[in-house]
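Have a look at the structure below, then the notes.
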Amino acid sequence: MLQSLMRSLFGAPTPPAPERQRLTVAEWPAAIYAIGDVHGCLAELERLEQAIYADGAAFAGEKWIVMLGDYVDRGPNSAGVLDHLLAPVPAGYRRICLAGNHETMMLAFLDEPLSGSDWRRFGGDQTLQSYAIDEHFDAHTLEQRRQILHGHVPRRHVEFMRSLPLYLRVGNTVFVHAGLRHGVPLEQQSERDLLWLRPGDDLPFEAGTVVVHGHTPAATPTLSPWRIGIDTGAAMTGILTSVRLTPHGDPAILQVGN
């Protein structure tokens with residue numbers, strides 16, 4: 001009786017999300033192309049991928065495209081970006097998508113679509129618009145909002161965002177959305193730091209390791225001995241950035257936009 005009453009008042013309880021994977025691979029592919037925060041900029045992502053495929057023709061063997069998270073919010077077509085990331089890539093390529101803090105904010109809103117949500121202020125309204133959810137959304141009750149979201153946001157998008165791993169380590173290079181805390185073993189880094197930390201230039205994560213990240217936008221990519229930052233604020237600047245890394249050779253920047 002009590003459970004039935006609670007369900008009628010607050011909706012069905014959301015099961016706890018499974019712990020996100022942490023990926024470690026020993027061997028490098030022929031090349032890795034990391035892509036910074038897309039934030040709903042589908043046209044720029046498609047153009048950048050075409051530049052990557054042209055560049056990758058020079059490298060024999062499998063190439064990986066590592067997406068550094070924040071696929072949704074701010075830009076005009078978050079729903080289209082998620083559809084694109086779920087589509088196959090050309091032969092000879094593999095796409096690995098990591099979690100960003102905006103995906104976790106969106107998931108929290110889908111579970112509990114409260115008025116005044118921080119996610120809405122940080123670009124969630126543009127994401128709702130990409131799913132054809134109109135400006136009258138807030139006029140509905142909480143349960144009605146849940147039903148609207150369920151009807152407009154494809155289940156495959158939700159499952160995709162819930163499945164995203166936290167980082168990928170390949171040899172001495174770590175790909176992650178936000179950053180790593182100095183002196184903390186990789187497997188002990190908290191999910192919050194991996195998705196929200198603002199890295200500094202003063203202290204490396206650990207000697208000999210390079211961290212490739214997004215999350216902290218800058219006018220130009222950051223290339224230092226221990227970190228590479230490639231969030232160039234695509235939704236604000238129109239510039240989307242990738243860095244190409246190989247087992248031997250210096251990093252190379254690829255960009256599309258203004």
Side-chain angles (χ1 to χ4, degrees), residues 10-12 14 17 20 35-48 67-87 97-164 177-178 191-192 194-198 213-219 230-241 256-258:
F10 301 107
T14 301
R20 294 185 181 274
I35 296 180
D37 304 34
V38 176
H39 277 306
C41 296
L42 177 59
E44 289 80 359
L45 175 59
E46 291 175 332
R47 288 168 54 204
L48 184 56
M67 308 294 302
L68 296 180
D70 279 9
Y71 314 120
V72 299
D73 303 343
R74 297 182 177 149
N77 198 354
S78 294
V81 168
L82 295 182
D83 271 337
H84 181 82
L85 295 177
L86 284 164
C97 297
L98 303 180
N101 61 303
H102 279 259
E103 283 74 57
T104 62
M105 285 195 295
M106 180 175 173
L107 288 170
F109 183 80
L110 294 177
D111 289 340
E112 196 72 5
L114 300 174
S115 297
S117 161
D118 284 344
W119 175 69
R120 299 280 298 277
R121 296 188 296 106
F122 294 141
D125 280 344
Q126 290 89 334
T127 298
L128 293 179
Q129 291 166 16
S130 77
Y131 287 103
I133 296 173
D134 64 29
E135 67 274 12
H136 303 298
F137 181 75
D138 286 323
H140 298 283
T141 67
L142 181 61
E143 184 55 36
Q144 287 172 332
R145 287 182 222 147
R146 288 195 183 99
Q147 293 173 2
I148 291 169
L149 292 170
H150 180 76
H152 284 74
V153 180
R155 187 66 198 169
R156 66 183 183 278
H157 288 188
V158 179
E159 292 172 350
F160 170 75
M161 289 188 288
R162 292 200 192 283
S163 72
L164 298 170
H177 176 62
E191 177 170 327
R192 178 163 185 84
L194 296 168
L195 299 181
W196 288 91
L197 184 69
R198 300 290 184 186
H213 68 88
H215 184 59
T216 301
I230 55 170
D231 179 6
T232 45
M236 298 171 287
T237 66
I239 299 172
L240 185 62
T241 299
V256 298
N258 302 327

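Starting from 1, each residue takes its place in the sequence as its number. These values consider heavy atoms only, across backbone and side chains, with no hydrogens, waters or symmetry-generated copies.
- Side-chain N or O atoms of H215 include none that pairs as donor or acceptor with a backbone N or O of D231 at under 3.5 Å.
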task = Could you please spell out the steps behind the side chain to side chain contact (heavy atoms under 4.5 Å, CB included) verdict for V158 and R155?
result = CA-CA 5 Å; V158 179; R155 187 66 198 169; 3.9 Å; yes
task = Would you please test L142 and L114 for side chain to side chain contact (heavy atoms under 4.5 Å, CB included) and show each step?
result = CA-CA 7 Å; L142 181 61; L114 300 174; 4.0 Å; yes
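- A donor-acceptor pair under 3.5 Å links the side-chain atoms of R20 to the main chain of L164, judged by distance alone.
- Classified by interplanar angle (parallel below 30°, tilted 30° to 60°, perpendicular above 60°), the ring pair F109/W119 is tilted.
- Under 3.5 Å, the side chains of S115 and R145 contain a donor-acceptor pair of N or O atoms.
- Atom NE2 of residue H213 and atom CG of residue D37 lie 10.0 Å apart, to the nearest 0.5 angstrom.
- With hydrogens and angles ignored, the 3.5 Å screen pairs a side-chain donor or acceptor of Q144 with a backbone N or O of T141.
- Under the 30°/60° scheme for interplanar angles, the aromatic rings of H39 and H102 are found to stand perpendicular.
- Pairs engaging residues 68-87 under the salt bridge (charged side-chain N to carboxylate O under 4.0 Å, His left out) rule: D83-R156 [sequence neighbours left out].
- Formation of a donor-acceptor pair under 3.5 Å by the S130 side chain with backbone atoms of A79 is found in this model.
- Here CZ of R121 is found 9.5 Å from CE of M105. Values are rounded to the nearest 0.5 Å.
- When atom types are taken as modelled, the side chain of R120 and the backbone of L128 share no donor-acceptor pair closer than 3.5 angstrom.
- Using modelled atom types and a 3.5 Å distance limit, the side chains of T232 and T241 yield a donor-acceptor pair.
- Taken from CZ in R47 to CG in L42, the straight-line distance is 11.5 Å, to the nearest 0.5 Å.
- With hydrogens and angles ignored, the 3.5 Å screen pairs no side-chain donor or acceptor of E44 with any backbone N or O of G257.
- Listed for the H177 side chain is a donor-acceptor partner under 3.5 Å among the backbone atoms of L68.
- A donor-acceptor pair under 3.5 Å links the side-chain atoms of S163 to the main chain of F160, judged by distance alone.
- Under 4.0 Å is where a charged nitrogen must lie from a carboxylate oxygen, and between E112 and R146 at least one such pair does.
- Y131 pairs in a side chain to side chain contact (heavy atoms under 4.5 Å, CB included) with only one of the listed residues (L82, L149, I148), which is L82.
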ask   = Stepwise, does the side chain to side chain contact (heavy atoms under 4.5 Å, CB included) test hold for I239 with V256?
value = CA-CA 6 Å; I239 299 172; V256 298; over 6 Å; no
task = Take M67 and L45 through the test side chain to side chain contact (heavy atoms under 4.5 Å, CB included) and record every step on the way to the result.
result = CA-CA 10 Å; M67 308 294 302; L45 175 59; 3.9 Å; yes
